[in-house]
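Okay, structure first, notes after.
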Amino acid sequence: MDDLLQEFIAETRETLDALSGEIVLWEATPGDRARLDAIFRFVHTVKGSCGFLELPRLGRLAHAAEDVLSAVRDGRRPADTALVSAVLAIVDRIGELTEAIAGGHALDDVTEDLLIAALAEDAAPPTVLAASTAPTARVASSSVRLAVDLLDRMMIGMSEMVLARNELARRLREHALDARVEGALERLSLTVGEMRDTVTRTRMQRISALFSALPRMVRDTANSLGKAVILDVEGADVELDRELVELLRDPLVHIIRNAVDHGIETPAERRAAGKRVAGQLIVSARQTGNQIVLGISDDGRGIDESRLVAKAAASGLRTDRQLAMMTDAERLELIFEPGLSSRDVVTSISGRGVGMDVVRANIERIGGRVALRNRPGCGLTIELQVPLTLSIIPTIIVAIGGEKFALPRQSIEEIVALRGAAVRLDMLGGTTVATVRGRRLPMVELGSLLNIPDAKVTALAIVATRDGQYALGIDEVLDTEELVVKPVSPAIMATGLYAGQTLPDSGDPLLLLDGTGIAAAAGLHFTPASEDRTEAPVEEARGIAALLFDDLDGMRRALPLIAVDRVETVPRAAIRRTGGRLHLSLDTGVIPVFANGDLPDTNQVAVVRLTDGASEYGYLIGDAQEIVSLPAQAAPAAGRAGVAAVLMIAGEQVELVDVHALFAGELAPPADRPLCLLRCDGSGWMDTFLRPVLEASGYRCTSQMRDDDIADVTLAMADAAPQRDVAAGSPVVYLSRQPVAGADAIYRYDRAALIAAVAASAGSRRA
Amino acid sequence: MTELFLIVQIAARWVAVPATEVESAVDIGAIVAVPHAPSTIRGLAALRSRVVTVIDTCTALGLPPCTEAKRAVIAQVQGHHYALLVDALDDVFALERLPLSSGLPLDGQWAACASGMVDRDGEPLLILDLSRLVPGAVAIAA
C-alpha cells in the first residue's frame with residue numbers, strides 16, 4: 001500500500017505541474033473545452049485513487065470538483081469566474097494535501113468546507129479563499145518517474161558502450177601494453193560492467209507492483225457482489241520487465257474480476273454445492289524456462305461448456321455441424337470468441353464489453369499465450385504465459401558445428417558429458433534414447449535438427465519443458481551469460497524454434513533456443529502431467545503408518561496401522577486350539593487368532609486386535625515396538641505367503657504382514673510345519689542331538705504328543721523297544737547307532753541321508 | 001508533389017525506395033544463419049547494439065539469391081528492424097510518384113512489391129515497398 005501511495009503522490013505532483021499551465025489558460029478562457037477536460041480528468045483520477053487509498057478528505061474535495069466540472073461539461077452550468085476560482089482553489093488544496101501526505105504532517109481541514117461550499121451555484125463571491133495557503137516545505141521525492149523510452153535509450157547506449165569497450169580491449173591487446181594503460185582499461189571495464197548491471201536493473205520490476213493492488217480490488221469486487229473471496233498471492237518476487245508489468249495489468253484485472261463475478265458462486269450456492277462459503281482465488285507468478293506464467297485459479301463453478309456451445313449456435317458464430325465436431329478443448333476456446341460471454345446477464349463489474357477475446361489479443365500481442373483449465377463445477381484456472389523477451393535472462397551458450405546458440409538456463413536441468421559412464425545412448429527403433437543415471441530420456445540432436453553439418457555431439461543438456469524432459473545433444477558448452485533478449489522477427493518466430501535474439505558482448509548476434517519448440521519440432525510428445533498427480537495428497541508420499549512388533553518367532557514384523565484396532569494382553573488360557581485352529585475367547589465371543597510361532601509359556605499373551613471394519617482377527621505377538629511410517633521403497637515378497645513386502649526400517653529388514661491374506665484365512669500358521677515325533681529312548685540323544693538339526697530344517701519336534709497333534713513323521717532308534725505304533729499313523733524313520741545297519745535304518749550321523757529320509761517320509765504323508 | 005526516394009540496385013536493377021521508409025544504409029558484416037527460417041531470411045546481423053534480420057531481397061523477389069550483396073538499407077517494419085540487402089546505392093532524389101502504367105506486365109514478385117514508379121531523368125524506376133519484401137509481417141497484419 002505504501003508503494004501505491006508513493007506512486008499516487010508522484011503522479012499527482014507530476015500532473016499538477018503539467019496542469020498549472022492549463023489552469024491559467026482555463027482561467028483566461030473558461031469556455032475552452034480542452035482545458036476543462038484536462039482538469040476534469042485530473043480531479044477524476046484523484047477521486048478514483050482516493051477511494052482506493054482511503055484518503056477521504058482528498059476524495060471529498062475531488063468529488064465535489066468533479067461534480068461541478070461534469071455539470072459544466074454537460075452544459076448545465078456556465079463556467080463563470082467564480083466557478084473557475086472555486087475549482088482552482090480546490091486543485092490548489094489537493095496539491096497542498098498531497099504534499100502534506102508526502103511530508104507526513106497534518107493539515108487542518110477548516111477551509112475545506114468553505115472550498116466546497118464555494119462551488120455551489122449561488123455561492124457568495126470568494127473572499128476567504130485566498131487565506132491559508134501557508135507555504136509548506138516540499139519533501140524531496142525518493143523516486144523519479146521516467147519514460148520507458150528513455151530507459152530503452154539508456155539500455156541501448158549501455159550496450160554500445162560494452163561493445164566499444166570490448167573492441168578497445170581487443171585492439172589494445174594486439175600490442176604490448178603499458179601497465180598504466182592496462183590499469184586504466186581494467187578500471188573502465190569494471191565500471192562499465194557495474195553500470196550495465198545497474199542500468200539493466202532499471203528495467204526490471206517485481207511483479208508485486210502488479211499484485212499489491214489485488215487484495216483491495218478483490219475485496220471490493222466481492223463485497224459489491226455479496227460474495228466472500230479469499231485471495232492467495234504467490235510468487236510476488238518474480239521479476240519481469242517493467243513494460244510487461246504494464247501490459248499485464250489490464251488482462252489480469254479483467255480475469256480476476258471475471259473470476260469473482262462469474263466464477264465464484266454466491267455463498268448460498270456454494271453452501272448448496274458443499275463448498276466452503278468463501279471462494280478461493282489464487283494468483284501466482286512463476287518463471288518456468290523462458291516464460292513467466294501468471295496463474296489465476298478460482299474454485300468456483302468453472303465454465304459451462306454446453307452453455308457456451310448453445311450461445312455460439314444461437315449467435316450464429318458456428319453452425320451446429322461445426323459445433324458437433326468440436327473437441328472439448330475447442331469448445332472451451334469459444335470463450336475467446338468476440339461477444340461470447342458465458343454469462344447471460346451483463347453486470348457492472350465485468351460486463352463492460354471487454355471480453356476474454358480482448359484479454360487474449362492483448363496477451364498474444366506481447367507474444368504470450370492464454371491457457372485454460374476448466375473443471376466444471378470445481379473451478380477454472382487461467383494461465384497467462386508471457387515470454388521473457390524484453391527481459392534479461394541467464395543463458396548457457398552452446399556450440400553446434402560452427403554455430404552458437406543460447407539456451408535459457410532455467411530450462412536446463414543439467415549438462416552431462418557423453419564420455420562419462422553415467423550416460424549411454426541406445427537406438428530404440430529409429431530414435432535415440434539417452435539413459436542418464438538410470439533415467440531414460442528421448443534425445444534430440446540439435447545439429448541434425450537444425451541442419452548444421454559437422455556437429456559432433458559430446459555433451460547432453462537435459463532440457464525440462466512444461467510437459468517433460470529430454471536430452472539435447474550439443475557439441476560443447478561455451479559460456480554462461482546474462483543476456484538482454486529481444487523478440488525475433490515474425491518470420492523467424494514462425495519457425496517455433498527460437499524464443500528471442502540477443503547481442504552478447506562478442507558482438508555477434510545470438511539466437512535463444514526455445515526448449516519447448518525444439519521438442520515439438522523433433523516430434524517429441526510428452527503425456528501431459530495429469531492434474532491428479534500434481535494434487536496428490538502429501539500423506540501418500542510419506543507412506544502408510546504401521547505398527548512395528550516382535551513376532552512370536554523372534555522376527556521383527558510390521559502391521560499396517562489402519563488395520564489395527566488395539567493391542568491388548570490376554571490370559572494364555574483364553575487361547576485354545578479349537579476346530580483345527582487357534583481361537584481367542586473374549587467376553588463378547590470368540591475370534592480367530594494367528595500365531596506365527598509357539599505360544600509363549602507365560603500367563604499373559606499380547607495380541608493385536610485387527611479389524612477390517614466388519615470382522616475381527618487376532619495376531620499374537622511377542623512385544624509391540626513402535627509406530628513407524630513405512631518407506632515408499634519396498635521389496636516385493638512374491639511367493640512368501642503372509643508377507644506383503646520386505647521393508648527397510650531403521651536399517652533393519654522388516655516383513656510387512658499381508659493382512660489381506662490373514663483375513664482371507666490363507667495364512668497357514670507355522671503349525672503346518674511338519675511335526676516330527678521323537679521317540680526318545682531316555683538317553684536324551686534325540687532331544688539334544690537330533691532336535692536342533694530337524695528344527696533347523698523346518699520341522700517341529702515333539703517328544704510327547706498332545707491330543708490334537710498329528711505327527712507327520714516319527715523318528716525312532718532301530719534298537720529301541722519294538723514299539724512300532726501304527727496308532728500315530730505316521731511313517732517311521734529308524735535310526736541305527738552303527739554305520740553297518742539293516743537296510744531299513746539310517747545311520748544316525750549320516751546327516752544328509754537322515755534329512756532326506758525325514759523329508760521323504762513327511763512328504764509322502766502330506767501328499 | 002515530389003517525395004524523396006533512395007535509389008538502390010537490387011538484382012541488377014535500379015529501383016526507388018521511399019526515403020521515409022529507410023532508417024539508414026549500412027555495410028553488413030558477419031551474418032549469423034537462422035536454421036529453419038524461410039529462405040528469404042539470410043540471417044541475423046549486428047548493427048551497432050541492435051540485432052537486425054537480414055533479408056535477401058533477391059529471394060524475396062523470387063530471384064536467385066543475391067550472394068554478392070554486402071550493403072543493406074535498414075528499415076523498421078512493425079517494430080522489428082530489417083536489413084534489406086542491396087547491390088549498390090546511388091543517392092537520394094526528390095522525385096514525383098507516378099502510378100504504374102496500366103497494362104504493364106510485371107513478373108513474379110515484382111508486381112507484389114511495387115507500389116508505383118518514378119521517372120529519373122527519363123529513366124523509369126519501380127518504387128519498391130520495403131515492408132512487402134519482409135516475410136511474415138504481412139501475414140501477421142492480415
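Every chain is numbered from 1, with letters handed out A, B, ... down the list of sequences.
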Margin query: For B:Leu44, which atoms come within 4.5 Å of any heavy atom of chain A: side chain, backbone, both, or neither?
Written below: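 Contact with chain A involves both backbone and side-chain atoms of B:Leu44.
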Next item on the list: Go through the atoms of B:Val32 and report whether side chain, backbone, both or neither lie under 4.5 Å from a heavy atom of chain A.
Entry: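 The side chain, not the backbone.
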Notebook entry, point to check: Roughly how far apart are A:Leu450 CG and B:His36 NE2, rounded to 0.5 Å?
Noted result: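 Going from CG on A:Leu450 over to NE2 on B:His36, the span is 5.5 Å.
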Note to self: Just verifying a value: how many Å separate A:Met493 CE and B:His80 NE2, rounded to the nearest 0.5 Å?
What the structure shows: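 So the CE of A:Met493 and the NE2 of B:His80 are separated by 7.5 Å.
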Looking at [X] and [Y], what are the two nearest heavy atoms and their distance?
X	Y	value
B:Pro35	A:Tyr498	O-OH, 2.6 Å
B:Pro135	A:Ala491	O-CB, 3.5 Å
B:Ala45	A:Pro509	C-CG, 3.4 Å

Notebook entry, point to check: Considering only heavy atoms, which portion of A:Leu497 lies under 4.5 Å from any heavy atom of chain B: side chain, backbone, both, or neither?
Noted result: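 Interface part for A:Leu497: side chain.
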